[in-house]
Number of protein chains: 2
Amino acid sequence: MSYAYQQIAEEIEAQIMRGDLLPGDQLPGEAELASKFGVTRSTLREGLRQLESGGFVHRPSPRRLEVTVPQADQLSTRAARAMSLMNVTFRELWEVTMVTEPLAARLASVQGTEDEISQLQQTHSALVSAEGQMERTIDLDEQFHTQIADMGRNRVLGLAREPVVLLLFRGFSQIAPFAPKFYKRQIEAHSNVLGALRDRDADRAEKWTRMHIDDFWRGAQIAGLEDAFALAQRSVTP
Amino acid sequence: MSYAYQQIAEEIEAQIMRGDLLPGDQLPGEAELASKFGVTRSTLREGLRQLESGGFVHRPSPRRLEVTVPQADQLSTRAARAMSLMNVTFRELWEVTMVTEPLAARLASVQGTEDEISQLQQTHSALVSAEGQMERTIDLDEQFHTQIADMGRNRVLGLAREPVVLLLFRGFSQIAPFAPKFYKRQIEAHSNVLGALRDRDADRAEKWTRMHIDDFWRGAQIAGLEDAFALAQRSVTP
DNA sequence: TAGCGCGTTAGTGTCCGACACTAGCGCAGA
DNA sequence: TCTGCGCTAGTGTCGGACACTAACGCGCTA
């Protein structure tokens with residue numbers, strides 16, 4: 001509140017929240033902004049960095065600074081890292097996932113398009129043929145669930161569940177060695193969820209999802225992970 | 001990735017995630033850091049601003065820069081503003097709240113201490129005596145639910161629900177004028193939830209919470225808010 | 001006339017040096 | 001030993017500078 005760079009960031013953020021600046025709007029050059037706020041470019045730039053990392057502005061090209069809506073994946077990554085630093089346990093993650101994913105499935109069964117369902121089928125097929133490959137299985141599992149969440153047309157659910165699921169499913173890498181048959185059970189569960197979605201059967205989709213997540217939990221118990229800390233390791237994205 | 005200030009922020013953040021830097025650790029002075037990274041103070045400071053706004057470092061005193069875990073309320077505020085900018089609807093918020101709050105109540109009935117229950121009672125009493133005062137009712141309502149969520153000892157749930165509930169309950173200000181009797185119904189519902197928690201009755205606590213949120217939704221329907229956008233207005237915190 | 005290539009220019013990322021202000025340390029005095 | 005004061009180091013801000021390049025406009029050519 002007291003420092004100039006902070007005031008600048010807050011002021012511009014407030015203008016965005018108020019609607020004075022709309023996503024897509026281009027901001028003036030740094031020199032102009034600096035003189036408008038009565039500070040040096042160095043100071044102004046510190047404020048801009050803060051806004052940038054908050055996701056309120058970004059540079060589509062080096063010469064263009066424009067207002068944006070914070071991106072979902074940026075928020076998810078931040079949240080996941082924060083949770084990891086807070087040493088949240090798999091139990092905490094699981095308890096939440098037990099309510100978000102069944103909801104996602106229910107919504108998807110109502111809102112999902114045929115197109116999305118066949119895309120989901122493709123992801124599922126890829127998962128089937130990845131049996132035994134841990135890293136790939138984790139990625140595809142996460143993708144399967146995220147696709148379902150997207151089908152539900154609920155961005156709030158998307159934001160709330162993404163970091164949680166991200167951290168939880170990473171735990172599969174610690175479960176798989178203890179229970180190799182989990183690959184098969186996972187495939188079977190996904191297959192049942194997919195079928196329910198195809199039939200537009202909300203209750204069945206929800207029920208199978210719940211059982212699926214519950215099964216995951218049994219795996220975590222076998223691996224002794226219940227109260228272990230979940231780690232956010234950045235997966236290599238080449 | 002390419003700019004120096006960004007590399008610095010990423011490098012330090014990585015050290016924190018990796019555990020090379022632990023929360024509470026003090027960082028060297030800016031001059032020393034700058035020379036360590038081979039950049040000027042100005043450039044280094046831009047990186048620090050980015051870390052600061054990400055919640056990874058903070059200044060307890062102007063002379064001390066230390067590593068921190070991102071604070072929950074900071075993340076919630078960011079998420080709430082992002083959701084608001086994404087023009088999320090009350091329907092989306094409600095659908096998620098319908099699963100988070102009942103879960104919170106269930107966990108609270110198991111994990112909550114007697115002390116916390118009596119604190120909750122106090123919040124409830126304050127709500128009763130605030131009947132008719134909209135702003136105060138909204139604040140106390142949010143506090144009541146947040147206290148329950150905290151009782152559940154699940155930080156993931158806390159992070160996931162906070163921004164959602166924050167935005168949703170603000171909508172009460174648009175419902176109240178249409179349905180003045182909602183004050184009474186809210187008080188009654190809270191009272192029932194409180195009773196269930198006192199009896200450690202998880203099912204009843206969950207059920208009443210669900211009904212309570214559902215009731216809220218009926219109010220939103222009466223006010224025609226179902227697909228209206230939820231706004232994140234910063235409440236004045238003096 | 002329309003399309004293309006090239007030079008110019010404005011704007012960004014980074015650097016350098018400087019100064020006021022103050023938190024926190026050490027030292028001197030009681 | 002405790003208290004008060006000056007000093008120092010470190011932060012926030014300033015002003016100016018320079019290399020590099022994206023974007024614009026201009027003229028040239030077909």
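Just so you know, these numbers use all the heavy atoms, side chains as well, and skip hydrogens, waters and symmetry mates. Labels below follow one simple rule: chain letters A, B, ... track the order of the sequence lines, proteins then strands, and each chain is numbered from 1.
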Pairwise ring pair (Phe, Tyr, Trp, His ring centres under 6.0 Å) hits with a residue in residues 151-171 of chain B, at least two apart | B:His145-B:Phe169, B:Phe169-B:Phe216

Is it the case that A:Thr137 and A:Glu131 place a side-chain donor and acceptor less than 3.5 Å from each other?
-> no

Mind checking ring-ring contact (aromatic ring centres under 6.0 Å, His included) for A:Phe90 and listing every partner two or more places apart, or none if nothing turns up?
-> none

Look for any protein N or O under 3.5 Å of an N or O in nucleotides 25-27 of chain C and output each such pair with its distance, or none.
none

Mind checking salt bridge (charged side-chain N to carboxylate O under 4.0 Å, His left out) for A:Asp227 and listing every partner two or more places apart, or none if nothing turns up?
-> A:Arg91

To the nearest angstrom, the CZ-C1' distance between A:Arg64 and C:dA10 comes to 16 Å

Who passes salt bridge (charged side-chain N to carboxylate O under 4.0 Å, His left out) against A:Arg63, sequence neighbours left out?
-> none

Sequence neighbours left out, what passes salt bridge (charged side-chain N to carboxylate O under 4.0 Å, His left out) with B:Asp20? Give chain and number order.
-> B:Arg18

Within residues 33-58 of chain B, the residues having a heavy atom closer than 4.0 Å to DNA chain D are B:Arg41, B:Arg45

What pairs with B:Glu226 under salt bridge (charged side-chain N to carboxylate O under 4.0 Å, His left out), at least two apart in sequence or on another chain?
-> none

Got a sec, which residues hit ring-ring contact (aromatic ring centres under 6.0 Å, His included) with A:Phe37, two or more places apart in sequence or on another chain?
-> none

Which residues satisfy the side chain to side chain contact (heavy atoms under 4.5 Å, CB included) test with B:Val128, sequence neighbours excluded?
-> B:His124, B:Ile187

For residues 51-59 of chain A, please give each side-chain donor-acceptor pair under 3.5 Å, one per line with the distance, not counting sequence neighbours.
from, atom 1, to, atom 2, distance (Å)
A:Glu52, OE1, A:Arg49, NH2, 3.2
A:Ser53, OG, B:Ser53, OG, 2.3
A:Arg59, NH2, A:Glu30, OE2, 3.1

Using a heavy-atom cut-off of 4.0 Å to chain B, what are the terminal contacting nucleotides of DNA chain D, in 5' to 3' order?
-> D:dA9 to D:dT13

